[in-house]
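Here it is, the structure, as structure tokens.
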2 protein chains.
Amino acid sequence: MDNQDLRKAGLKVTLPRMKILEILENAEENHHTAEDVYKLLLKAGEEIGLATVYRVLTQFEAAGLVRRHHFEGGQAVFELAGDGHHDHMVSVKTGKVVEFYDEIIEERQRIIAEEHGFKMTSHTLILYGEFEDE
Amino acid sequence: MDNQDLRKAGLKVTLPRMKILEILENAEENHHTAEDVYKLLLKAGEEIGLATVYRVLTQFEAAGLVRRHHFEGGQAVFELAGDGHHDHMVSVKTGKVVEFYDEIIEERQRIIAEEHGFKMTSHTLILYGEFEDE
DNA sequence: ATCGGATTGAGAACGGTTATCATATACTTT
DNA sequence: AAAGTATATGATAACCGTTCTCAATCCGAT
Ligand SMILES: [Mn+2]
Ligand SMILES: [Mn+2]
Ligand SMILES: [Zn+2]
Ligand SMILES: [Zn+2]
């Protein structure tokens with residue numbers, strides 16, 4: 001994920017865009033709110049406005065570099081779009097997020113959609129609860 | 001769904017609560033935003049404040065009479081909580097909502113949660129796309 | 001019918017996100 | 001390398017859905 005990826009997406013290579021990509025790649029956690037990213041940037045010594053963070057994340061999403069999810073809690077969360085889809089398990093206690101992928105579920109979704117004459121273009125599956133060790 | 005249900009839920013029987021229940025029971029559609037409900041009330045000649053609509057829907061949710069969902073589009077949608085869980089298929093074109101239930105998916109979710117040491121307390125599954133006849 | 005606590009309605013406040021606009025920056029052209 | 005042009009940025013205002021505040025009203029037990 002480098003400057004070429006930005007150019008390929010039709011985006012100029014600017015300092016905010018590079019730094020935000022860096023943050024997303026190097027952070028401990030995969031899923032961040034816009035404000036998380038904003039604060040990580042500050043901690044890294046970069047004074048990038050929150051509006052810019054939102055703008056850039058939205059552009060990255062449009063370019064397919066980033067995915068946006070709406071978990072409970074109001075704030076959208078963003079993650080680098082690796083290749084391959086996955087779904088999420090979210091702790092209502094700590095906010096911890098674990099990813100999973102289940103081909104049986106994916107297949108059933110396709111079948112159900114078809115049975116209803118529905119052309120499914122996307123879906124969200126989120127499990128809420130808590131991890132036994134927290 | 002009558003006054004007894006309200007009392008059972010520890011809620012006084014007030015005109016706004018009765019009218020909102022009526023709307024939810026008699027409307028063509030099952031899924032409504034708070035503003036939908038507010039406008040249906042106006043159309044029915046009831047001048048009930050939007051704040052009250054939000055309050056009452058939230059109370060109904062807490063009492064288990066109503067469920068709240070977050071589809072795409074910012075506004076929460078509410079529906080009467082029949083017995084039994086279901087998931088949703090939402091048209092990104094028209095907003096049409098179709099409900100479904102698939103035991104295979106439900107079972108897989110339980111298994112996946114368990115495999116991750118996760119005590120699942122709820123989940124949301126939403127398919128987005130469009131119906132072939134629209 | 002009276003009383004006291006719960007409920008309501010209007011509007012202010014709130015939180016997350018997007019829009020505005022003057023200034024700064026990246027890339028292209030000399 | 002310098003200038004020119006278009007785009008991006010940052011501060012802040014605006015926005016939108018929802019919740020809060022508080023005086024006035026209503027419910028229902030007595
Ligand atoms: Mn999936
Ligand atoms: Mn389900
Ligand atoms: Zn993820
Ligand atoms: Zn439903």
Side-chain angles (χ1 to χ4, degrees), chain A residues 2-23 31-42 44-63 65-79 95, chain B residues 2-23 31-42 44-63 65-79 95:
Chain A
D2 61 345
N3 295 355
Q4 289 314 321
D5 294 296
L6 289 179
R7 283 191 244 270
K8 233 175 287 175
L11 297 170
K12 278 191 193 174
V13 179
T14 65
L15 188 141
R17 287 174 181 158
M18 289 190 297
K19 292 302 178 187
I20 290 173
L21 261 192
E22 260 180 52
I23 291 286
H31 304 82
H32 308 273
T33 65
E35 201 148 343
D36 285 345
V37 173
Y38 174 69
K39 283 176 183 157
L40 288 170
L41 287 166
L42 283 185
E46 303 293 338
E47 302 226 335
I48 293 175
L50 182 56
T52 299
V53 173
Y54 273 107
R55 252 187 322 238
V56 168
L57 287 172
T58 300
Q59 293 159 344
F60 284 3
E61 183 189 18
L65 298 175
V66 154
R67 293 210 178 85
R68 181 194 308 242
H69 305 289
H70 295 278
F71 301 159
E72 280 184 9
Q75 279 141 294
V77 302
F78 301 84
E79 68 175 326
Chain B
D2 61 346
N3 295 355
Q4 288 314 321
D5 293 296
L6 289 180
R7 282 191 245 270
K8 233 174 287 174
L11 298 169
K12 277 193 194 171
V13 178
T14 66
L15 189 141
R17 287 174 180 158
M18 289 190 297
K19 292 303 178 186
I20 290 173
L21 259 192
E22 260 180 52
I23 292 284
H31 304 81
H32 308 273
T33 65
E35 203 150 340
D36 285 344
V37 173
Y38 174 69
K39 283 176 182 157
L40 288 170
L41 287 166
L42 283 185
E46 302 294 339
E47 302 227 335
I48 294 175
L50 182 56
T52 299
V53 173
Y54 272 106
R55 253 187 321 238
V56 168
L57 287 172
T58 300
Q59 293 160 345
F60 285 2
E61 184 190 18
L65 298 175
V66 154
R67 293 208 178 84
R68 181 194 308 241
H69 305 289
H70 296 278
F71 300 160
E72 282 185 7
Q75 279 140 294
V77 302
F78 300 84
E79 68 175 326

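Each chain gets a letter, A, B and so on, in the order its sequence line appears, and its residues count up from 1.
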Contacts of A:Ala51 and A:Glu35 projected onto DNA chain C by closest heavy atom; the upstream (5') one is A:Glu35
Regarding B:Arg55 and B:Thr58, do their side chains bring together a donor and an acceptor under 3.5 Å, going by distance alone? no
Is there a side-chain contact between A:Ile23 and A:Glu46 in this structure, where contact means two heavy atoms from C-beta onward sitting under 4.5 Å apart? no
Could you tell me the separation between the CD atom of B:Gln59 and the C1' atom of C:dT8, rounded to a whole number of Å? 11 Å
B:Thr14 side chain N/O closer than 4.0 Å to the phosphate oxygens (OP1, OP2) of C:dT8? yes
Just how far, in rounded Å, is P of C:dG9 from CZ of B:Arg17? 11 Å
Give the nucleotide from the list D:dG10, D:dT9, D:dG17 with an atom nearest to the side chain of A:Ile48. D:dG10
As a test of reading the structure: which of C:dG9, C:dT18, D:dT18 is closest to the side chain of B:Thr52, going by heavy atoms? C:dG9
Using whole Å, what does the distance between atom P of nucleotide C:dT7 and atom CE of B:Met18 come to? 14 Å
Can you tell me the distance, in whole Å, between the NE2 atom of B:His70 and the P atom of C:dT17? 13 Å
Heavy-atom distance under 4.5 Å between the side chains of A:Ile20 and A:Tyr38, does that happen here? no
B:Lys12 has an atom NZ; how far is it from atom P of D:dA29, in whole Å? 9 Å
To the nearest 0.5 Å, what is the distance between CG (A:Leu57) and CG (A:Leu65)? 10.5 Å
Rounded to whole angstrom units, what separation is found between the OH atom of A:Tyr38 and the P atom of D:dA11? 7 Å
Return whichever of A:Leu11 or B:Ala34 has its heavy-atom-nearest nucleotide of DNA chain D closer to the 5' end. A:Leu11
C:dT7, OP1 or OP2 - any side-chain N/O from B:Arg55 closer than 4.0 Å? no
Any side-chain to backbone donor/acceptor pair from B:Arg17 onto B:Lys12? Under 3.5 Å, distance only. yes
Please give, in whole Å, the distance from D:dA29 C1' to B:Arg7 CZ? 12 Å
Grab the CZ-P distance between B:Phe60 and C:dT7 for me, whole Å please. 11 Å
